[in-house]
Amino acid sequence: MLVVETIARIRRAYFVQGKTIKAICRELRVSRKVVRKVIRSGATAFAYERRVQPQPKLGAWRGELDQLLAANAARPARERLTLMRLFEELRGLGYAGGYDAVRRYAARWRREESASTATAFVPLSFAPGEAYQFDWSHEVVIIDGVTTIAKVAHMRLCHSRMPFVRAYPRETQEMVFDAHDRAFAFFKGGCTRGIYDSEADQRSIR
């Protein structure tokens, strides 16, 4: 990167003092290409940006990092790890490089993943009564002035998108069954299949 002072010295030497490009290069220890660029341009600063960032230490660990990023992206939004946590996990596997290389790679991975997902997107459509979606969320609530965490069961019909929500003190198997029973009573019927985001929910229903 050329600082403003160096650019000013090159211009003063060429336009005011009348020195040749060769003399300026020898005196200021810069290349002819740089001197010509400064003389022909009116810019006050020049910065070099790499088109390809080298990642020598990360190269052998890209497979592991791809797996960590893919597994993290598959988690519910509330449970996803920060990039720093993923970096620490990669270091735990033996990676000795820096965080910046991981950050740049992860940003490129997300861009490529978003592009491929957008290309392969297929709109989902459901017939009436075909399916419902079920999941839990953890919500912070105030009960009698005391802040606590409530476990909230969510069920939504895939065709009409009609929702049913019920809060519980805990996330147990009995409460999973109760949430389904009350939801089907609210919808006045059931569906032929259910869609579950959590493996724990699927085990509870089986």
Side-chain angles (χ1 to χ4, degrees), residues 49-127 130-141 147-173 175-177 179-180 183 191-206:
E49 295 183 1
R50 292 177 177 176
R51 293 186 178 180
V52 178
Q53 289 283 357
Q55 299 171 333
K57 292 186 178 180
L58 183 59
W61 295 94
R62 290 182 180 178
E64 286 76 3
L65 183 53
D66 284 340
Q67 293 179 10
L68 290 174
L69 291 169
N72 196 46
R75 292 189 178 103
R78 291 173 178 267
E79 300 177 11
R80 287 175 191 164
L81 303 178
T82 63
L83 188 56
M84 180 57 72
R85 286 284 304 278
L86 295 180
F87 167 68
E88 292 172 354
E89 288 192 13
L90 192 64
R91 285 183 66 85
L93 296 174
Y95 172 65
Y99 171 76
D100 196 52
V102 173
R103 178 186 59 78
R104 291 196 303 267
Y105 185 85
R108 187 177 66 186
W109 184 91
R110 283 192 293 266
R111 289 195 299 268
E112 293 175 353
E113 188 70 13
S114 298
S116 63
T117 302
T119 303
F121 174 74
V122 177
L124 295 177
S125 61
F126 298 89
E130 177 184 350
Y132 63 83
Q133 292 176 307
F134 181 86
D135 201 2
W136 288 94
S137 70
H138 299 175
E139 308 296 337
V140 178
V141 297
T147 301
T148 186
I149 295 179
K151 308 303 174 64
V152 180
H154 299 259
M155 185 179 287
R156 185 183 296 272
L157 298 179
C158 294
H159 174 72
S160 65
R161 308 305 297 168
M162 178 181 288
F164 173 84
V165 179
R166 185 174 178 84
Y168 294 90
R170 293 178 301 280
E171 187 179 331
T172 63
Q173 187 178 61
M175 292 173 185
V176 172
F177 291 151
H180 281 71
C191 296
T192 57
R193 65 187 179 98
I195 301 173
Y196 299 86
D197 291 334
S198 168
E199 292 183 0
D201 291 337
Q202 294 179 38
R203 289 196 298 270
S204 298
I205 298 302
R206 290 170 184 167

So, is the end of the Arg170 side chain (NZ or CZ) under 6.0 Å from the ring centre of Tyr168 and within 45° of the ring's axis? no
Are there more than 12 heavy atoms of other residues, nucleotides or ligands under 6.0 Å from atom CD1 of Ile149? no
Looking at every non-hydrogen atom in both residues, tell me the closest pair between Phe164 and Ala183 and how far apart they are. CD2-CB, 3.5 Å
What one should report as the nearest heavy-atom pair of Met175 and Glu171 is SD-N, 4.5 Å
Just how far is it from atom OH of Tyr95 to atom CD of Glu88, taken to the nearest 0.5 Å? 13.5 Å
Heavy-atom neighbours of Arg85 CZ exceed 12 at 6.0 Å: no
side-chain contact (heavy atoms from CB on, under 4.5 Å) for Val102 and Leu83? Distances and angles first, verdict last. CA-CA 8 Å; Val102 173; Leu83 188 56; 4.3 Å; yes
Go through Gln133 and Phe126 one step at a time and tell me if the side-chain contact (heavy atoms from CB on, under 4.5 Å) criterion holds. CA-CA 12 Å; Gln133 292 176 307; Phe126 298 89; over 6 Å; no
Tell me whether the rings of Phe134 and His180 are parallel (<30°), tilted (30 to 60°) or perpendicular (>60°). tilted
SB check Arg104 Asp100 (cutoff 4.0 Å): yes
Does the side chain of Tyr99 come within less than 4.5 Å of Leu90's, by heavy atoms? no
Report the C-alpha distance between Tyr105 and Asp66 in whole Å, list the side-chain angles of each, state the deciding distance to 0.1 Å, and finish with yes or no for side-chain contact (heavy atoms from CB on, under 4.5 Å). CA-CA 9 Å; Tyr105 185 85; Asp66 284 340; 2.8 Å; yes
With side chains defined as the heavy atoms from C-beta onward, is the minimum distance between Pro163 and His154 less than 4.5 Å? no
Rounded to the nearest 0.5 angstrom, the CZ-CG distance for Arg110 and Leu69 is 7.5 Å
Flag the pair Leu81 / Glu89 as yes when at least one side-chain heavy-atom distance between them is below 4.5 Å, and no otherwise. yes
Would you say that His138 contacts Lys151 through its side chain, given a criterion of any heavy-atom pair below 4.5 Å between the two side chains? yes
Which distance, rounded to the nearest 0.5 Å, do you find between the CD of Glu79 and the CG of Asn72? 10.5 Å
Smallest separation among heavy atoms of Ala153 and Ala179, with atom names: CB-CB, 3.7 Å
CZ (Arg161) and CZ (Arg156) are apart, to the nearest 0.5 Å, by 5.0 Å
Heavy-atom pair of closest approach, residues Thr192 and Glu130: OG1-O, 2.5 Å
Taking every non-hydrogen atom, the tightest pair across Val176 and Trp136: CG2-CZ2, 3.5 Å
